[in-house]
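Taking it in order: structure first as structure tokens, then the write-up.
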Protein chains: 4
Amino acid sequence: MMRRIAQVSNSPSMSRRADPIAPRKTPRQARAQATYAAVLQAAAHILTEQGRGALTTNRIAERAGVSIGSLYQYFPSKEAILADLLRGMRREMLADIEAAAAACGGLNLRALTEALIRASVRHHAQAPDLARVLEQVELELPGDPETARIEAQLRDLLAAALADRGVPGPTVAAQDLAAITKGITDEAARAGETDLDFVIARAVRAVHGYLGL
Amino acid sequence: MMRRIAQVSNSPSMSRRADPIAPRKTPRQARAQATYAAVLQAAAHILTEQGRGALTTNRIAERAGVSIGSLYQYFPSKEAILADLLRGMRREMLADIEAAAAACGGLNLRALTEALIRASVRHHAQAPDLARVLEQVELELPGDPETARIEAQLRDLLAAALADRGVPGPTVAAQDLAAITKGITDEAARAGETDLDFVIARAVRAVHGYLGL
Amino acid sequence: MMRRIAQVSNSPSMSRRADPIAPRKTPRQARAQATYAAVLQAAAHILTEQGRGALTTNRIAERAGVSIGSLYQYFPSKEAILADLLRGMRREMLADIEAAAAACGGLNLRALTEALIRASVRHHAQAPDLARVLEQVELELPGDPETARIEAQLRDLLAAALADRGVPGPTVAAQDLAAITKGITDEAARAGETDLDFVIARAVRAVHGYLGL
Amino acid sequence: MMRRIAQVSNSPSMSRRADPIAPRKTPRQARAQATYAAVLQAAAHILTEQGRGALTTNRIAERAGVSIGSLYQYFPSKEAILADLLRGMRREMLADIEAAAAACGGLNLRALTEALIRASVRHHAQAPDLARVLEQVELELPGDPETARIEAQLRDLLAAALADRGVPGPTVAAQDLAAITKGITDEAARAGETDLDFVIARAVRAVHGYLGL
DNA sequence: CATGAATGAGTATTCATTCAT
DNA sequence: CATGAATGAATACTCATTCAT
């Protein structure tokens, strides 16, 4: 699978002081923007290459070519950096899936699910290690409302699309569809597979079978 | 899903001094056996109740009612404890699946896959948090040959069973079957589902669809 | 006890570059004066409301509505701000005591001491927290000559007044008079007392007793 | 004034885990006892010689000839060390004052107050800097119940003794007696005085005057 | 063998201060 | 002059591991 490292284009909008996870302040000047992005980039790199255990704030700052003090100008804690990466990943995923769904407006269930799975696998395949780590991290992180909102939107989008096509129990079906796709993709990545289309085909077969198509 | 905490009856067979993950020495006497098991028990408890971040060797020793020195008599490092837990979990899983497969000797593909999925979901459901954490841990741990061997056995067992019933590409199919089951089970656990049979039914539907049954 | 927050009208007279405690430069323009005063105000507020541990230069600047850079235009260091506050407090105190002493030109010892104690307690009571913190700070601060001069003036003023009325050992007596007043006032503030006149009465009784009146 | 550095014989009795100020665990072995005492000794030294700003945990450990890890075996935080020193000082003070009071069982008010003042000044004079710093620190520290209890005992002891001798408003009088003594002693220490008897005489004069003797 | 005291490298985070824009 | 981004030494505290008793 091809790799493209990170989703670093998050644009924090408000300066929320009390929240330990919200970004600390909005970078206004160009230099500040660069620092902000560099920190996220560096964190993503370290996570994918060395794993969560190796993610220390000093290491992030060093890799970002930035002082530890600068890092803390923009992120109130290490967890805030992780939360930001996760948020960015979810935002991208939602955008991809929304685009795919929009492009399938009038299509039947077969075509729709295939398109969604294709988008999903492609997305996961870009940075499978990062995705896996961030999903692990999500379980320990104090929930970020923005992230929760995006995830809810994703679930609803999927469930609505299935409901439109007359799938019974669309909520559970949406969950299982996502779970099947994720399961097959992760395991394939772990096994070192690189042929995306093959992975997609198998996920599609499982989902279509699950839906009785 | 019901919970049953731990798989603590691992009995390491050889004393391998250089290996940082292999158990340090075989406890032969009763008291030693008890200490050994208590450490694993304690580690499993802490992992499920407080998460990986809370797992410290001192805490394990305290919870096990053992001195930190004694802990290090039996395990050369914290990672060795985790590796031991993982090994135990895999051993159990292999045993369960082997039993299920043996009981299905002459059965057709439908019945076989259902039995296997049932065993697998049941297994995961016993201690889903522990399983999840240990699987995360596995990615960072230096591979333990014993664990690798068990996993290979599991894959081969599954692949062989599928091959026997004429499934094409049995190795990939085995991987996907496991991935689908794991994906649906994990996501169900995360969503807080407790109706095991419902989860099993959905996994079976997906797998049967995948296999074209 | 009533509270009035700060003594912020210090007007530094000379530009002494090498001294780490002397104000950095004389603000001549109106805006500069305002900035200078705002910084002192902000520092006093933070000290009284949140204590010395919360006094950071960035926080001072923020509260003063001034950039951190501007703060350092006028004060060479955080200690300089504290020294300036202390100086201001001592100046006020000297002014109050001088006024009281002047008003008592021909009075006898009883009346004089009572007037001085009254002025002193009143002064302390305006901002007891700030006074206490600044006195703590004084012990750690490299001595500021201006402040030292004011304190010497105070001591001399008191000693002279006592000497004029025939008190033997006027220097020691002056020191003790101040110590008694400060001791009783501080302890009263700490105990949460609010009746200034009661505090004054007790200090007067002790001092008069001490002086054999 | 003579100096004798520290009150290091505190003997923590119970292991109270949640309290951020209570000692962390009771040192059982001789080596542990030594470490515990060395930390307190070192902290007292640094406080008196370099002031509170210089009191860092690493510095304490270094001066104590102990690793930073050992320090944290016995004290859960830096504040706990300060609280322990304060507690020790209060314990000593209470013991001294109790002894003095007991020795004055049937004495009249003049003799009693003189004895108490003598004890108090002597106590303060042993380590006046340490006493001052610890009293400052007390204001910021989360209150330790043990310390509060001792201080209450001290106040009550004094008030009762005064009440016994017919002093009106014995509680306020006790507070003022202590305040006067402390005020004169501190200021004398600050002025560099070394003649304890002279200090005592002046405090006695003020207190006797205050009490109308 | 068991104990638990001791170790110290490593971690997240703060804050006084500088300097390019 | 004003701004605020950047700096990095310093701080409190943790935890895997060792070793004397």
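By convention in this document, chain letters (A, B, ...) are assigned in the order of the sequence lines, proteins followed by strands, and residues within each chain are numbered from 1.
Using a 4.0 Å heavy-atom distance criterion, B:Thr35 is classed as making no nucleic acid contact. Using a 4.0 Å heavy-atom distance criterion, A:Ile81 is classed as making no nucleic acid contact. B:Thr56 comes within 4.0 angstrom of sugar-phosphate atoms only, judged by non-hydrogen atoms across all strands, and of no base.
Per the geometry, CG belonging to D:Leu71 stands 9 Å off P belonging to F:dC13, to the nearest Å. In this structure, A:Arg31 atom CZ and F:dA6 atom P are separated by 5 Å, rounded to whole Å. The OH-P distance, from C:Tyr72 to E:dT17, rounds to 4 Å in whole Å. When rounded to the nearest whole Å, the span between CD of C:Gln33 and P of F:dA2 equals 13 Å. Protein atom CD1 of A:Ile60 is 11 Å distant from nucleotide atom C1' of E:dA12, rounded to whole Å. Atom pair A:Arg59:CZ and E:dA12:P shows a separation of 9 Å (rounding to whole Å applied). In this structure, CD of C:Gln73 is placed 12 Å from P of E:dT18, rounded to the nearest angstrom. For C:Tyr74 and E:dA16, the OH to P distance is 21 Å, given to the nearest whole Å.
Side-chain atoms of C:Arg63 do not come within 3.5 Å of backbone N or O of C:Ile46 as any donor-acceptor pair.
Base pairing of F:dT21: its partner is E:dA2, meeting the Watson-Crick or G-U wobble criterion (both donor-acceptor distances under 3.5 Å). In this structure, F:dA10 forms a base pair with E:dT13, meeting either the Watson-Crick or the G-U wobble geometry with both donor-acceptor distances under 3.5 Å.
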Test side-chain contact (heavy atoms from CB on, under 4.5 Å) applied to A:Gln136 and B:Glu135, step by step: CA-CA 10 Å; A:Gln136 290 170 17; B:Glu135 270 159 14; over 6 Å; no
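Taking the six-membered ring where tryptophan is involved, the planes of D:Tyr36 and D:Tyr74 are perpendicular, since the angle between them exceeds 60° and thus also 30°.
A distance of about 13 Å separates the C1' atoms of E:dC1 and F:dT21, rounded to the whole Å.
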